[in-house]
Amino acid sequence: MAVPPLFSPIPPAIHPRHAEVDAQTADWAEAFEIGSVDLRRRLVRHEIGVFAARILPHGREEVVRVVADFVMWLFGVDDGYCEEGPLGQRPGDLAGTMHRLLRVAQNPEAPLLLDDPLASGLRDLRARVDLYGTDSQAARWVANLREYALSVVWEASHRRANTVPGLSDYTLMRLYDGATTVIFPLLEMGHGYELPLSERDDKCVRAAEEMASFVITWDNDILSDHKERSADGYHLNVLRVLEEDGLGPQQAMALAIAQRDRVLGAFMHLTDHLCVVGSPQMRQYTAGLRSFVRGSLDWGVTSVRYTTPEDPADLPTAFAARPTDDSCEPLGIEAVSWWWDVLPAARPLRAARPLGLSGMRG
């Protein structure tokens, strides 16, 4: 199924050292033996360093490399453990493994998993997070990694039972199992600043972060659908969730794109507001969130991870000039309806049907 051009009001950007970062990340994966030999051979072709260079196009190169190596590590876990390995069908065992890795991230000196390549890679990543970040940023990185671990176990329970969650549950799970939140502290580290505590705990900031996660993961689901359907075994993305409730493939695609477009509009409006009322650090942070959203989309439409040249996916080669939905009304997804409660009332609202599952029926 062809993916139509997607809308993005955020300009593209990439770090000038992207090629070097990508080569260094391939070397890091080999040095720490991330994943099996076959998995590693595939991962180093995905230009993960380029992805990191799009996330932090103006950041310190050392931190761009941390982001790249961490994303490589995440794919080692996600592909190696959850998608392709036996732990993906055993949520209890996966929970134990993830908790042991979390202990390594929290206390690298703990004598756990000493011969495990993923644990060794994680120890290296934690040392570099400590080097380039503050104590609170390192603590938040570990805490957000815990959210990721919990969500992949939740997903594994569905994989084992071959079940599909409802849209609200899927949305909540996807905010975390895409590991976007674990990147957020690295956005600050990349430019050597820290959000003031008063802004870090502000609900508007959390809403902006969750909106960014939503758009990034919905884009990933849309662009990876061909790859996932072509593979053997269980797959789960927003299109399958919508189809499971009775929508046809084209309807599900149209609805998912409308949902991401509506949230993207709200995200741009909210981050514009935060730039006006926030500190200089807030302006840097919102710029980082925007780069993450756009960088993920640019990487998604170009990486062989999703273009799958051996069985080409029909992905867009251009971007849409306008969104398919620019309503200011909530989506009608319970888990995220609170976002619209904190949006500043600067845009005129117009009537629109909620874009939940019922929004495409007719």
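Basis for what follows: all heavy atoms, side chains included, without hydrogens, waters or symmetry-related copies. In this chain, residues are counted from 1 in sequence order.
Taking the six-membered ring for Trp and thresholds of 30 and 60 degrees, W218 and F214 have nearly parallel ring planes, at less than 30 degrees apart.
With D325 contributing its side chain and R262 its backbone, the two residues share no donor-acceptor pair below 3.5 Å. One N or O on the side chain of T286 and one on the backbone of M282 form a donor-acceptor pair closer than 3.5 Å. Not a single donor-acceptor pair under 3.5 Å links the side chain of T180 to the backbone N or O of S213. A distance-only check finds a donor-acceptor pair linking the side chain of S303 to the backbone of H46 [under 3.5 Å]. Looking at T271, its side chain does come within 3.5 Å of a backbone N or O of M268 through a donor-acceptor pair. H99 places no side-chain N or O within 3.5 Å of a backbone atom of A149 that could act as its donor or acceptor partner. With hydrogens and angles disregarded, a donor-acceptor distance shorter than 3.5 Å links the side chain of D261 to the backbone of T324.
Every pair passing side chain to side chain donor-acceptor pair (under 3.5 Å) that includes a residue from residues 4-17 is listed here, sequence neighbours excluded: R17-E61. Pairs engaging residues 221-266 under the ring-ring contact (aromatic ring centres under 6.0 Å, His included) rule: none recorded [sequence neighbours left out]. Residue pairs meeting the side chain to side chain donor-acceptor pair (under 3.5 Å) criterion with at least one partner in residues 274-285, sequence neighbours excluded, are E199-S279, E209-Y285, S279-Q281. Among residue pairs with one or both ends in residues 70-92, those qualifying as salt bridge (charged side-chain N to carboxylate O under 4.0 Å, His left out) are R42-E84, D79-R305, E83-R159, R90-D93; sequence neighbours excluded.
Summarising the hydrophobic clusters (Ile, Leu, Val, Met, Phe, Trp, Tyr; side-chain heavy atoms under 4.5 Å, direct or chained), the residues clustered with I14 are V50. Within the hydrophobic cluster formed by Ile, Leu, Val, Met, Phe, Trp and Tyr side chains joined at under 4.5 Å, directly or through other members, L150 stands alone, with no partner residue. Through ILVMFWY side-chain contacts below 4.5 Å, L197 is grouped with nothing and stands alone.
If you take CG on D130 and CG on D135, they are separated by 7.5 Å, rounding to the nearest 0.5 Å. With rounding to the nearest 0.5 angstrom, the CE atom of M1 is 5.0 Å from the CG atom of D225. Put simply, CG on D221 and CZ on R174 are 4.5 Å apart, with the number rounded to the nearest 0.5 Å. Taking CZ of R260 as the reference point, atom CG of L6 lies at 5.0 Å (rounded to 0.5 Å). How far NZ of K227 is from CG of N237: 10.5 Å, rounded to the nearest 0.5 Å. We find the CG-OH distance between L145 and Y148 to be 8.0 Å, quoted to the nearest 0.5 Å.
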With a 3.5 Å cut-off and sequence neighbours excluded, list the donor-acceptor pairs that the side chains of residues 68-77 form with protein atoms.
unit_1	atom_1	unit_2	atom_2	d
D69	OD1	T25	OG1	2.9
D69	OD2	R128	NH1	3.0
D69	OD2	R128	NH2	2.8
W73	NE1	L118	O	2.7

When the side chains of residues 101-109 are checked against the rest of the protein, which donor-acceptor pairs come out under 3.5 Å, sequence neighbours left out?
unit_1	atom_1	unit_2	atom_2	d
R103	NH1	Q106	OE1	2.8
R103	NH1	N107	OD1	3.4
N107	ND2	E109	OE2	3.4

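Partner V67 forms a side-chain contact (heavy atoms from CB on, under 4.5 Å) with one of V21, I183, I48 and no other, that one being I183.
Counting all heavy atoms, side chain and backbone alike, V153 lies closest to P91 at CG1-O, 3.6 Å. Contact between L242 and A256 at its shortest, heavy atoms only, is CD1-N, 4.0 Å.
Counted within 6.0 Å of NE2 on H158, heavy atoms from surrounding residues, nucleotides or ligands total more than 12; the atom is thus considered enclosed.
Remark: W299 pairs with F51, Y306 by the ring pair (Phe, Tyr, Trp, His ring centres under 6.0 Å) rule, at least two apart or across chains. E147 pairs by the salt bridge (Lys or Arg N to Asp or Glu O under 4.0 Å) definition with nothing, not counting sequence neighbours. Residues passing the ring pair (Phe, Tyr, Trp, His ring centres under 6.0 Å) test with F32 are W28, sequence neighbours excluded.
V277 and L195 fall into different hydrophobic clusters, where Ile, Leu, Val, Met, Phe, Trp and Tyr side chains are chained together by heavy-atom contacts under 4.5 Å. V304 and L39 fall into different hydrophobic clusters, where Ile, Leu, Val, Met, Phe, Trp and Tyr residues are linked whenever their side-chain heavy atoms come under 4.5 Å apart, directly or through other members. Following chains of ILVMFWY side-chain contacts shorter than 4.5 Å, one cannot reach V276 starting from L274, and the two form parts of different hydrophobic clusters.
A salt bridge does not link R123 to D116: none of the charged nitrogens lies less than 4.0 Å from a carboxylate oxygen. One finds no salt bridge joining R140 and E194 here, because no Lys/Arg side-chain nitrogen approaches an Asp/Glu carboxylate oxygen to under 4.0 Å. Using a 4.0 Å cut-off between a side-chain N of Lys or Arg and a carboxylate O of Asp or Glu, E33 and R40 do not qualify as a salt bridge.
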- Message: Between Y81 and V152, is the side chain to side chain contact (heavy atoms under 4.5 Å, CB included) condition met? List the steps.
- Response: CA-CA 10 Å; Y81 279 175; V152 297; over 6 Å; no
